**Q** 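Take this structure first; my questions come after.
Computed from a prediction, not measured in an experiment: that's the story for all the values here.
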Amino acid sequence: MKIRLFAVLLAGGLMLSGCEQDARETAMPAGGPTPSPAVDTPKLAQDEEPSYLTATIVDGAETGALLLAGEDAFDVYTLSAKDLPVWIDGVECDASALQNGMVVELAFNGYIAESFPAQPGPAYSLTVLEEGTDYCTLWLQVLEDLWEVNSGLNGGITQVGVDLSQATGLTEGERSAVAWAFGQTHGLTAVTGTLEELWEEGYFTPATEPAEGYNDSLALYWWEDGVHFSIDVEEEAVWSLPDLGPGEEPPLLVAFDAQKWRSGLGAYFFADCVAQRWENGPWTYTVGSEAIS
């Protein structure tokens with residue numbers, strides 16, 4: 001059994017490492033320049049009321065170049081939080097206190113550039129509403145691990161298909177953001193949808209004709225320009241939990257399978273996978289078995 005481990009969240013005590021107890025000042029990383037907030041951070045004009053946007057940090061917390069996602073499929077945004085005041089539990093911090101998975105409220109001027117991802121206008125501050133469960137980081141890591149195995153399937157492509165319709169814990173916006181981030185990592189255009197949907201939309205090329213008397217089938221096709229990834233969560237999984245100490249919360253647990261598909265005869269599978277995350281800890285997951293076709 002293979003074990004795949006990656007860091008997602010720091011312990012709660014480290015979460016505020018970018019915060020100062022004096023809420024009047026914004027802390028900066030050690031050795032970094034001390035910016036002038038009046039220059040680097042837009043300020044509200046007199047009597048101006050900010051607009052607010054609530055979203056999840058999907059990726060980029062470690063650099064401050066945030067990828068955010070809301071509820072709907074097109075609610076995906078990019079934002080530089082480098083010089084932005086960040087508020088956590090009433091304490092003013094800097095962007096180094098942010099973590100992927102956090103649910104945040106952005107105060108900004110209300111304008112959003114119509115692109116994908118969209119770009120909110122001048123921002124005034126970020127307020128952390130909750131830490132979140134960070135399913136996006138879990139699924140991004142699974143996709144990356146699948147990318148690395150049987151890498152010959154990835155050759156000569158310009159597109160990557162991503163189907164997270166059966167991945168638990170995500171809004172439609174988060175599904176779109178994960179797909180976009182995965183495509184960006186590999187310099188590919190991300191296409192969302194199930195294998196069957198992309199087949200019906202004409203993305204795939206026939207590898208052979210069906211035998212006489214048989215109907216056309218997805219198994220007879222291949223994707224000349226891309227490779228398709230999917231994650232399927234087992235919602236009805238039954239768990240046997242370990243003994244818990246006083247006040248200890250049970251971990252989050254997810255059972256799933258994952259697949260990479262280039263053709264009916266070119267695919268790779270992670271089967272009987274189990275992911276778990278203890279409170280304030282990282283997601284980890286095990287792969288029960290792997291298969292190739």
Side-chain angles (χ1 to χ4, degrees), residues 1-12 14-15 55-63 66-71 73 75-76 98-104 128-149 160-186 190 192 194 228-239 241-242 249-260 268-290:
M1 178 179 294
K2 295 189 177 181
I3 299 179
R4 304 175 186 272
L5 170 65
F6 52 96
V8 177
L9 295 175
L10 300 178
L14 295 178
M15 186 185 71
T56 299
I57 301 176
V58 172
D59 197 19
E62 64 281 0
T63 65
L66 304 183
L67 179 63
L68 305 173
E71 289 292 326
D75 291 345
V76 180
L98 296 172
Q99 298 176 8
N100 295 333
M102 285 179 166
V103 179
V104 297
V128 175
L129 303 180
E130 59 181 271
E131 288 189 35
T133 52
D134 200 15
Y135 284 112
C136 293
T137 296
L138 169 61
W139 301 132
L140 275 170
Q141 187 62 48
V142 173
L143 293 173
E144 286 298 328
D145 291 341
L146 259 179
W147 175 272
E148 292 297 329
V149 296
V160 60
V162 182
D163 174 20
L164 298 177
S165 61
Q166 301 304 310
T168 193
L170 301 182
T171 66
E172 289 303 314
E174 289 165 352
R175 290 187 174 99
S176 294
V178 168
W180 182 84
F182 184 50
Q184 288 293 296
T185 296
H186 300 285
T192 58
T194 66
H228 187 271
F229 293 76
S230 60
I231 293 171
D232 188 5
V233 170
E234 175 53 65
E235 296 283 3
E236 304 301 323
V238 178
W239 306 103
L241 295 176
E249 294 292 328
L252 292 174
L253 294 165
V254 182
F256 67 94
D257 299 324
Q259 172 184 285
K260 174 166 68 172
Y268 202 92
F269 307 88
F270 288 170
D272 302 322
C273 305
V274 176
Q276 70 172 15
R277 175 183 177 269
W278 291 91
E279 186 177 11
N280 295 325
W283 278 104
T284 66
Y285 77 97
T286 58
V287 177
S289 62
E290 301 184 23

**Q** So how far is it from Leu143 CG to Phe182 CZ, rounded to the nearest 0.5 Å?
**A** 5.0 Å
**Q** Could you walk me through whether Val274 and Trp239 satisfy the side-chain contact (heavy atoms from CB on, under 4.5 Å) test, starting with their C-alpha distance in whole Å, then the side-chain angles of each, then the deciding distance to 0.1 Å, before giving a yes or no?
**A** CA-CA 10 Å; Val274 176; Trp239 306 103; 3.6 Å; yes
**Q** Where is the tightest heavy-atom contact between Glu249 and Trp278, given as atom of each residue plus distance?
**A** O-CZ3, 3.4 Å
**Q** Side chains of Ile231 and Phe270: does their closest heavy-atom pair fall under 4.5 Å?
**A** no
**Q** Considering all heavy atoms of both residues, which atom of Gly60 and which atom of Asn100 are nearest to each other, and what is their separation?
**A** N-OD1, 3.4 Å
**Q** What distance separates Thr185 OG1 from Asp59 CG, expressed to the nearest 0.5 Å?
**A** 7.0 Å
**Q** Measure the spacing between CG of Leu67 and CH2 of Trp180 and express it to the nearest 0.5 Å.
**A** 6.0 Å
**Q** Less than 4.5 Å apart, side chain to side chain, heavy atoms only: is that true for Asp75 and Thr171?
**A** no
**Q** Less than 4.5 Å apart, any side-chain heavy atom of Val160 and any of His186?
**A**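 No - every pair of side-chain heavy atoms lies 4.5 Å or more apart.
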**Q** Okay, side chain of Arg175, backbone of Ala179: is any donor-acceptor separation there less than 3.5 Å?
**A** no
**Q** Would you mind reporting whether Val233 and Trp139 have side-chain heavy atoms less than 4.5 Å apart?
**A**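 The answer is yes, as the side chains (C-beta and beyond) meet within the 4.5 Å cut-off.
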**Q** If you look at every heavy atom in Asp134 and Trp283, which pair is closest and at what distance?
**A**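 Here Asp134 and Trp283 meet closest at O-NE1, 3.4 Å.
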**Q** Over all heavy atoms of both residues, which pair between Tyr268 and Glu290 is shortest? Give the atoms and the distance, please.
**A** OH-OE1, 2.6 Å
**Q** Answer whether the closest heavy-atom distance between the side chains of Thr168 and Glu235 falls below 4.5 Å.
**A**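 Side-chain contact under 4.5 Å: yes.
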**Q** Do Asp232 and Asp163 touch side chain to side chain, with heavy atoms closer than 4.5 Å?
**A**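 Not in contact.
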**Q** Quick check: do Thr137 and Gln141 have side-chain heavy atoms less than 4.5 Å from each other?
**A** no
**Q** To the nearest 0.5 Å, what is the distance between CG (Leu68) and OG1 (Thr56)?
**A** 8.5 Å
**Q** Give a yes or no on whether Glu71 atom CD has more than 12 heavy-atom contacts from other residues, nucleotides or ligands under 6.0 Å away.
**A** no
**Q** Quick check: do Ser230 and Thr194 have side-chain heavy atoms less than 4.5 Å from each other?
**A** no
**Q** Which heavy atom of Ser176 sits nearest a heavy atom of Ala73, and at what distance?
**A** OG-O, 2.9 Å
**Q** Please name the pair of heavy atoms, one in Leu66 and one in Ala61, separated by the smallest distance, quoted to 0.1 Å.
**A** CD2-CA, 3.8 Å
**Q** Could you tell me the separation between the CE atom of Met102 and the CD atom of Glu130, rounded to the nearest 0.5 Å?
**A** 10.5 Å
**Q** Report the distance from atom CG of Leu140 to atom OH of Tyr135, rounding to the nearest 0.5 Å.
**A** 15.0 Å
